[in-house]
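We count ligands from 1, going down the list as the structure has it; atoms in each ligand are counted the same way.
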Amino acid sequence: MVKKERVFIPKPKSAFLSGTCVKCGTENVFYSNSAREVKCKQCGEILATNTGGRVELTDSLSQEIKRLDFA
Ligand SMILES: [Zn+2]
């Protein structure tokens, strides 16, 4: 039996992100740790998919992602 090593994984810093949909140019604000896929509020294009805790951005989202910090 392989003993599983306990690795401390720091909680990924969650943040609100802002990105533009390349299809319609609408700016969408979404949560980086969203439990669901992120859809464009305007055209419904999937901008990010959930990958178990953190979202993975799709090609439908512009490369320029702004990070909104609420400090
Ligand atoms: Zn869109």
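Excluding waters, the count of protein N/O/S atoms less than 2.8 Å from the Zn ion (ligand 1) comes to 4.
Side-chain contact check for S32 versus F16: every heavy-atom pair is 4.5 Å or farther apart. N28 is listed as a side-chain neighbour of T26, based on a closest heavy-atom distance under 4.5 Å. Using a 4.5 Å cut-off on side-chain heavy atoms (C-beta onward), K66 and E27 make contact.
Legend: side chain to side chain donor-acceptor pair (under 3.5 Å) pairs involving residues 55-64, not counting sequence neighbours, sorted by first then second residue: E45-S60. The salt bridge (Lys or Arg N to Asp or Glu O under 4.0 Å) pairs that include a residue from residues 32-44 are E37-K39, where partners are two or more places apart or lie in different chains.
Here V55 sits in one hydrophobic cluster together with L17, F30, V38, L47, L57, L61, I65; the rule is ILVMFWY side chains under 4.5 Å apart, joined directly or through other members.
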